[in-house]
**Q** 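Pasting a structure here, questions to come.
Residue numbers count from 1 along this sequence. Below, each value reflects all heavy atoms present in this structure, side chains not excepted, and no hydrogens, waters or symmetry copies.
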Amino acid sequence: MPLKPEEVSSIIRKELEKYKTRMRSESIGTVIQVGDTIARIHGLDDVMVGELVQFSEKVMGMVLNLEEESVGVVVFGTDNPDKNIKEGDMVKRTGKIVQVPVGEALLGRVVSSLGRPIDGKGPIDTNKFRPIESRAPNVVERQPVCESLETGIKAIDALTPIGRGQRELIIADRQTGKTAITIDTIINQKGKDVYCVYVAIGQKMSSIVAVAETLQKYGAMEYTTIVSASSRASASLQYLAPYSGCAMGEELLYSGKHVLVIYDDLTKHAQAYRQLSLLLRRPPGREAYPGDIFYLHSRLLERAAKLNNELGAGSLTAIPIVETQAGDITSYIPTNVISITDGQIYLENDLFYAGVRPAINVGLSVSRVGGKAQVKAMRQVASKLRLDLAQYRELVAFTQFGTELDKATQAQLTRGERMVEVLKQEQYTPLPISKQVMIIYCGTRGFLDDLPIGAVKRFEHEFFEYMDNKNPEIAIEVQSKKELSSFLMEKLDLLISTFKDEFVKRMKL
């Protein structure tokens with residue numbers, strides 16, 4: 001059957017009408033220099049700061065520098081991430097800002113700075129992602145800190161309390177118990193509906209494994225995510241880690257939940273950023289840090305907030321850690337972070353080596369916000385405690401000259417010694433607020449003044465057992481009402497006196 005030209009032309013016309021042109025443009029650059037995890041790219045004129053670029057199937061990088069002739073890119077990965085990149089290689093834009101997986105699927109997991117699982121428990125089942133950098137909540141979106149975040153550590157909850165949504169810095173020399181405080185705080189959040197993110201920056205892998213095992217042992221991993229950027233990770237991954245941890249916490253924050261994020265520690269984070277900045281040939285400033293080193297930490301810590309009720313009333317509490325050299329808190333990074341945060345807990349070497357643990361220096365430690373969120377019962381028993389301890393420290397220094405003391409001074413020294421003993425606490429034993437209130441009440445009311453120093457800890461241990469077994473309703477009332485009524489105080493006075501008489505007889509003091 002012969003084909004008619006009209007039929008052929010109509011078929012072609014219909015097909016042409018169906019056909020839609022699809023143009024796809026790709027922005028491609030060329031590697032002109034590579035080394036020390038930094039690559040310089042020529043040709044990516046329309047790339048964004050913070051954008052992901054792809055070198056090969058497995059190697060990715062992030063744009064940090066936009067210059068006239070080239071683009072500075074940090075390459076991601078652990079051992080020598082740039083070993084598979086050479087001059088002349090093609091680099092593609094992805095159009096995506098660096099983002100990490102988020103959601104409750106990350107709880108109980110150990111992940112890298114890019115959110116990839118490194119704990120051998122298989123892939124993370126989540127389809128939610130969040131950019132690592134995001135805008136901090138503005139003034140209208142926030143509300144004042146009004147809820148207490150209980151650490152379970154007597155010296156902190158009594159003297160430098162932390163509120164949900166606060167930023168409280170822990171600052172000290174190495175090996176003085178900084179991480180120990182944060183681990184106890186995480187353990188104490190069990191059953192309190194607070195999710196935790198622990199960000200380890202530049203630590204030994206063995207230390208990160210020890211933290212994970214400790215949290216697992218005390219049942220805290222089920223509500224905790226560990227973001228690991230160990231000392232073997234590249235500077236780029238150490239730089240990303242705190243922002244990734246904050247993004248994971250923010251997902252829960254905007255879901256109306258309460259989150260605690262610990263950055264351990266920001267000194268190593270600043271050093272990693274200094275390394276990247278110098279390799280990118282940015283002009284160095286004080287101590288060779290770049291000019292935007294303050295902004296590095298302020299844009300991270302300002303994301304901590306207590307949201308208003310319209311946004312779900314969630315909170316993100318930040319506890320950054322900064323390491324000092326020989327107790328010098330006036331150096332560059334410590335002073336920067338102190339000025340950003342809402343208070344600091346300063347741990348002192350001399351106290352630590354004298355056996356006072358946690359070794360909190362009462363004079364230099366302060367909480368600028370948490371006092372407003374402190375439980376009323378704790379405020380009632382610990383209101384004068386800070387002043388008493390500060391005066392006690394001065395008197396101890398004064399008595400070293402061997403001067404004779406009057407009765408009032410001697411009584412002050414005696415009370416101070418007992419209170420220092422009361423505030424000592426073993427690791428991994430966080431206390432509920434009711435027990436903290438009761439034992440501090442014993443000390444501030446003078447019940448411990450005539451006991452030998454060596455008997456104070458035993459008194460505390462046996463007193464808790466006595467109250468748990470014979471008078472559990474007292475702790476329940478303190479925990480629920482969070483206030484000491486005059487009737488409850490009278491009852492406590494009677495119970496403490498009764499127990500003390502039994503204790504003294506038993507100990508034959």
Side-chain angles (χ1 to χ4, degrees), residues 27-56 58-78 80-85 87 89-100 112-115 130-135 199 201-202 227 229 233-247 263 266 268-303 333 336:
S27 186
I28 293 176
T30 311
V31 178
I32 54 175
Q33 187 184 6
V34 64
D36 295 315
T37 73
I38 299 293
R40 293 196 171 276
I41 316 295
H42 177 72
L44 292 178
D45 298 332
D46 52 352
V47 79
M48 301 178 285
V49 172
E51 185 178 343
L52 272 176
V53 293
Q54 190 158 23
F55 291 92
S56 62
K58 292 183 179 178
V59 184
M60 305 288 283
M62 182 177 79
V63 176
L64 264 190
N65 255 28
L66 301 179
E67 296 166 19
E68 282 188 38
E69 300 295 326
S70 62
V71 173
V73 175
V74 292
V75 185
F76 294 145
T78 44
N80 296 327
D82 51 14
K83 65 184 175 186
N84 297 320
I85 304 169
E87 287 178 28
D89 281 1
M90 303 298 281
V91 185
K92 286 183 186 176
R93 277 190 68 188
T94 63
K96 295 177 183 174
I97 299 295
V98 179
Q99 54 184 14
V100 288
S112 70
S113 302
L114 296 170
R130 196 175 184 91
I132 61 164
E133 298 262 17
S134 66
R135 179 185 66 82
V199 184
I201 310 159
V227 180
S234 64
S236 54
L237 290 179
Q238 290 182 37
Y239 160 69
L240 285 185
Y243 298 103
S244 301
C246 192
Y263 306 109
L266 291 189
K268 293 189 180 74
H269 180 235
Q271 288 165 359
Y273 186 60
R274 174 171 64 181
Q275 182 181 330
L276 291 176
S277 297
L278 291 172
L279 289 168
L280 286 163
R281 297 181 188 172
R282 291 181 179 176
R286 178 176 161 188
E287 292 181 29
Y289 287 107
D292 63 339
I293 195 73
F294 183 91
Y295 179 56
L296 175 80
H297 290 148
S298 66
R299 74 176 189 263
L300 170 70
L301 295 170
E302 286 298 335
R303 289 158 72 178
I333 300 303
N336 273 356

**Q** Looking at K96 and E51, is there a salt bridge between them, counting it only when a charged N and a carboxylate O are closer than 4.0 Å?
**A**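 A salt bridge is absent here (no side-chain N lies under 4.0 Å from a carboxylate O).
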**Q** Hey, could you give me the CZ/OG distance between R130 and S244, rounded to the nearest 0.5 Å?
**A**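 Separation between the atoms: 12.5 Å.
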**Q** Between S236 and V75, is any pair of side-chain heavy atoms under 4.5 Å apart?
**A**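 Not in contact.
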**Q** Taking the side chain as everything from C-beta on, heavy atoms only, tell me whether Q54 gets closer than 4.5 Å to R93.
**A** no
**Q** Could you check if a side-chain atom of L278 sits within less than 4.5 angstrom of a side-chain atom of P284, using non-hydrogen atoms only?
**A**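 Touching, per the 4.5 Å side-chain cut-off.
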**Q** Is it true that atom CD of E67 has more than 12 heavy atoms of other residues, nucleotides or ligands lying nearer than 6.0 Å?
**A**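 Buried by this count: over 12 neighbours within 6.0 Å.
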**Q** Taking all non-hydrogen atoms of both residues, which atom of G245 and which atom of V227 are closest, and how far apart?
**A**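 Shortest heavy-atom contact: CA-CG2, 4.0 Å.
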**Q** Could you grab the distance from atom CG of L296 to atom CG of N336, nearest 0.5 Å is fine?
**A** 9.5 Å
**Q** Could you measure the distance from the CZ atom of R282 to the CG atom of N65? Nearest 0.5 Å is fine.
**A**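 Answer for the CZ-CG pair, R282 versus N65, is 4.5 Å.
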**Q** Would you find more than 12 non-hydrogen atoms of other residues, nucleotides or ligands less than 6.0 Å from D89 atom CG?
**A** yes
**Q** So Y239 and I201, do their side chains get closer than 4.5 Å, heavy atoms only?
**A**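 They are not in side-chain contact.
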**Q** So V63 and V47, do their side chains get closer than 4.5 Å, heavy atoms only?
**A** yes
**Q** Check A235 against A272 and note the closest heavy-atom contact, atom names and distance.
**A**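 Between these two residues, the closest heavy atoms are O-CB, 3.7 Å.
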**Q** S134 versus R303: any side-chain heavy-atom pair under 4.5 Å?
**A** yes
**Q** Show your reasoning for whether ring pair (Phe, Tyr, Trp, His ring centres under 6.0 Å) applies to Y243 and H269.
**A** CA-CA 11 Å; Y243 298 103; H269 180 235; 5.7 Å; yes
**Q** Answer whether the closest heavy-atom distance between the side chains of D292 and F294 falls below 4.5 Å.
**A**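 Answer no - side chains too far apart.
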**Q** For the atom pair CD (Q33) and CD (E87), what is the distance rounded to the nearest 0.5 Å?
**A**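 One finds 7.0 Å between CD of Q33 and CD of E87.
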**Q** Mind listing the closest non-hydrogen atom pair of G115 and V100 along with its distance?
**A** N-CG1, 4.2 Å
**Q** Work out which heavy atom in L44 is nearest to a heavy atom in I28; give both atom names and the distance.
**A**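 Taking every non-hydrogen atom into account, CD2-C, 3.7 Å.
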**Q** Going through the checks in order, is the side-chain contact (heavy atoms from CB on, under 4.5 Å) test met by L300 and L266?
**A** CA-CA 11 Å; L300 170 70; L266 291 189; 4.1 Å; yes
**Q** Which atom pair, heavy atoms only, marks the closest approach of V34 to I85?
**A** CG1-O, 3.7 Å
**Q** Please step through side-chain contact (heavy atoms from CB on, under 4.5 Å) for the pair F76 and V59, ending with a clear verdict.
**A** CA-CA 7 Å; F76 294 145; V59 184; over 6 Å; no
**Q** I would like to know whether V73 and I38 meet side-chain contact (heavy atoms from CB on, under 4.5 Å); could you show each step before the answer?
**A** CA-CA 6 Å; V73 175; I38 299 293; over 6 Å; no
**Q** Report the distance from atom CG of L66 to atom CG of D45, rounding to the nearest 0.5 Å.
**A**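 Rounded to the nearest 0.5 Å, the CG-CG separation comes out at 10.5 Å.
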**Q** Does this structure show an ion pair linking E287 with R274, if we count only N-O contacts that are shorter than 4.0 Å?
**A**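 No, E287 and R274 are not salt-bridged.
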**Q** Please report the C-alpha distance between R281 and R40 in whole Å, then the side-chain angles of each, then the deciding distance to 0.1 Å, and finally whether the side-chain contact (heavy atoms from CB on, under 4.5 Å) criterion is met.
**A** CA-CA 11 Å; R281 297 181 188 172; R40 293 196 171 276; 3.8 Å; yes
**Q** Got V98 and L114 here, is their nearest side-chain heavy-atom distance under 4.5 Å?
**A** yes
**Q** When rounded to the nearest 0.5 angstrom, what distance separates NE2 in H42 from OG in S70?
**A**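 Interatomic distance, H42 NE2 to S70 OG, rounded to 0.5 Å: 9.0 Å.
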**Q** Minimum heavy-atom separation for A270 to Y289, with atom names?
**A** O-CE2, 3.5 Å
